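Below you'll find the structure, written out as structure tokens, and then a few comments.
Convention: sequence-line order gives letters A, B, ...; per-chain numbering from 1. Given the structure is predicted, the values throughout are model-derived calculations rather than measurements.
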Number of protein chains: 2
Amino acid sequence: MLQTSARLLRLLSLLQIRREWSGSDLAERLEVDVRTVRRDIDKLRNLGYPVNATTGTAGGYRLGAGAALPPLLLDDDEAVAVAVSLRTATNGPISGIEDTSLRALTKLEQVLPSRLRRRVNALQSYTVPIPLRPGPTVDAAVLTTIASACRDNERLRFDYRDHNGTASLRVVEPHSMANWGRRWYLVAWDVDRADWRTFRVDRIEPRTPTGPRFTPRELPDGADVATYVSARVNSATWRFRARILMHASAEALSDGLKSYGALEPIDDNNCVFVTGADSLESLAVYLGMTGVDFEVQEPPELVEHIRELGRRYMRASGTE
Amino acid sequence: MLQTSARLLRLLSLLQIRREWSGSDLAERLEVDVRTVRRDIDKLRNLGYPVNATTGTAGGYRLGAGAALPPLLLDDDEAVAVAVSLRTATNGPISGIEDTSLRALTKLEQVLPSRLRRRVNALQSYTVPIPLRPGPTVDAAVLTTIASACRDNERLRFDYRDHNGTASLRVVEPHSMANWGRRWYLVAWDVDRADWRTFRVDRIEPRTPTGPRFTPRELPDGADVATYVSARVNSATWRFRARILMHASAEALSDGLKSYGALEPIDDNNCVFVTGADSLESLAVYLGMTGVDFEVQEPPELVEHIRELGRRYMRASGTE
DNA sequence: GGCTTGAGGACAGGAGCTGTCCGGATCGGG
DNA sequence: CCCGATCCGGACAGCTCCTGTCCTCAAGCC
């Protein structure tokens, strides 16, 4: 019965909007009898969604936290907020959830009405262009395009700049994407070259529309994606590797720095911070945030950037 | 029929997992006849969800973007990713969606199974504690607690430090929260003081559990929340206001700085950057990111922080 | 103890769901 | 050009189960 199913969804939606509902309130909103509401609540419970009820004068129904997640019923604004947040998270400061965020984002964007998509894009343009972590950021729209193609086994055409800067047009059968370090990689079968290739996503410019569907291939030697990608890009994750002697204990710095690199304790007043970066400028700025004195051990070029920054600050403070 | 409703949800879920499904695939997964699948697809269409179908050999069903957003069916990992992203967004670098993110987050956390909630908290602890924007950050857990209480008309008890640092225990009937500048404010009826009060959320430490429900009151003079809050906190948004003379054109800096403050053009090589901050240290660091020479016009105390930062960089580069 | 709220059994009428069988339309490939 | 695969939708019979009504019981709150 269409009415019944739709009503169940509406009921779930109502229970998500406000915590506590009385049976008669729900009956009024759903335009059915109170008895039917009770039965619907029962149905939800049978479906695994825990609806807690309290009797008495201040009684009512409330949706609780159960074993499984009920379908999320978002309104327009909320959907936009979720999409924008997820887009930021795929480039974001929290490591370990980039690929899952991307999966959720792909799911959401597939069904996002176009008027909402426009709002997401508009809001996204306010994103802070100065990355908190050094390194290039990847366009979230590109990520979702590629992720969809991977998921749906659709051929992909894109312009690619390789590490020398030479451009080429590629037609590939995308296999999967991997998040390594701060970068995204696409593993795909290059149709023209008839071989497997690994592409850096920040160098990809997809062309629309995507191509026809294909039957997926196995990776050579039955390798899984993580090992395959790491074997190929391991060495080249960062342009620069840096070692900094910090004049503070490893514990004191741990909160702020541990997600950016490794801290090797020396004594109560010193430790070594090992990290990587693509841009020495941003690394130099970042070191200033720590509020701690430091000495650069590697790379020597970093010293020059730090001296330049120091001079700029001295000029700004009028102490040449 | 319970089976039917559940099957509709599963169908919607399947259509969100993969883009393209053939009718027989769906029939197999749902363990019903192909004819029933067709009827279910029809039901979804009647419910307003656009399911596009293509005929022919490479045909199939796919869920399209329609007028309304279908219920999102997330798996565990995705739900965690969404929650973490939203939590970050409430403190995040994108202005204009904080309150909506919070609403969506409240919705999600209410139904989040506890095992997932633990994972969200674990991941959240990796959040970068150095804020990109100057100013205190607010704990997302506190925000959702207060937002729930506002939504459900439940009394709230919390410890509060006022601007002098004196602590007090408050019992309030929360009315609503507002996001102003980089801060969160709670507008509430203070039960003990029998009057309206505005609290800064970053100074609130909620006590559990929340109190009993109450019947909501109107704000005095029928004011709306935005004007009410802005009238009270307008002057005190930032601890410091700063004017910086930047040695670059306003256009050149616009991309990076416009969301942090106002840029007043002077000529092709100079402009004034007007902004606010709670911490002069972070403002000093932030100015270094611009890569441009500058002079501080206000406040004078900022100069000292900049000089200190400059000295630290000079020491680090071995140029005392 | 009275009031309010949720829980749930019984029942009758009817709405709608399901599987089966069928003919039609469209697309792609041999 | 034809064949096979796919989606589309009407007809029909059987039967599930949904809905409103009426009723009794249990649990909180004042």
Could you list the donor-acceptor pairs under 3.5 angstrom formed by side chains in residues 61-69 of chain B, with sequence neighbours left out?
unit_1: B:R62; atom_1: NE; unit_2: B:E20; atom_2: OE1; d: 3.0
unit_1: B:R62; atom_1: NH2; unit_2: A:E154; atom_2: OE2; d: 3.1
unit_1: B:R62; atom_1: NH2; unit_2: B:E20; atom_2: OE1; d: 2.6

- prompt: What integer distance in Å separates B:D40:CG from D:dC8:P?
  reply: 13 Å
query: Atom CG of B:L8 and atom C1' of C:dT18: how far apart are they, to the nearest Å?
result: 14 Å
field: Length of the line joining B:Q3:CD and C:dG19:C1', which is rounded to integer Å
entry: 15 Å
Separation of D:dG20 C1' from A:E28 CD (nearest whole Å): 18 Å
message: Test of understanding: with ring pair (Phe, Tyr, Trp, His ring centres under 6.0 Å), list the residues that count as partners of A:W196, not counting sequence neighbours.
response: A:H175, A:W189
query: Rounded to whole angstroms, how far apart are NZ on B:K43 and P on D:dG9?
result: 15 Å
- prompt: Between D:dT6 atom P and B:E20 atom CD, what is the distance in whole Å?
  reply: 12 Å
query: Roughly, in whole Å, what's the span from CG in A:D33 to P in C:dA12?
result: 19 Å
task: Using the test salt bridge (charged side-chain N to carboxylate O under 4.0 Å, His left out), find all partners of B:R35 that sit at least two apart in sequence or belong to another chain.
output: none
Every protein N/O within reach of nucleotides 4-9 of chain C N/O, cut-off under 3.5 Å:
unit_1: C:dT5; atom_1: O4'; unit_2: A:G56; atom_2: O; d: 3.1
unit_1: C:dG6; atom_1: OP1; unit_2: A:G23; atom_2: N; d: 2.5
unit_1: C:dA7; atom_1: OP1; unit_2: A:R45; atom_2: NH2; d: 3.4
unit_1: C:dA7; atom_1: OP2; unit_2: A:Y61; atom_2: OH; d: 2.7
unit_1: C:dA7; atom_1: N7; unit_2: A:R38; atom_2: NE; d: 3.3
unit_1: C:dG8; atom_1: N7; unit_2: A:R38; atom_2: NE; d: 3.2
unit_1: C:dG8; atom_1: N7; unit_2: A:R38; atom_2: NH2; d: 3.4
unit_1: C:dG8; atom_1: O6; unit_2: A:R38; atom_2: NH2; d: 2.6
unit_1: C:dG9; atom_1: N7; unit_2: A:R35; atom_2: NH2; d: 3.4
unit_1: C:dG9; atom_1: O6; unit_2: A:R35; atom_2: NE; d: 3.1

message: Set out, in order, the CA-CA distance, both residues' side-chain angles and the distance that settles side-chain hydrogen bond (donor to acceptor under 3.5 Å, both in side chains) for A:D152 and A:S148, then state yes or no.
response: CA-CA 6 Å; A:D152 302 328; A:S148 303; 5.2 Å; no
field: salt bridge (charged side-chain N to carboxylate O under 4.0 Å, His left out) involving B:R203 - partner list, sequence neighbours excluded
entry: none
field: Residues that A:F199 engages under ring pair (Phe, Tyr, Trp, His ring centres under 6.0 Å), provided they are two or more places apart
entry: A:F158, A:Y160
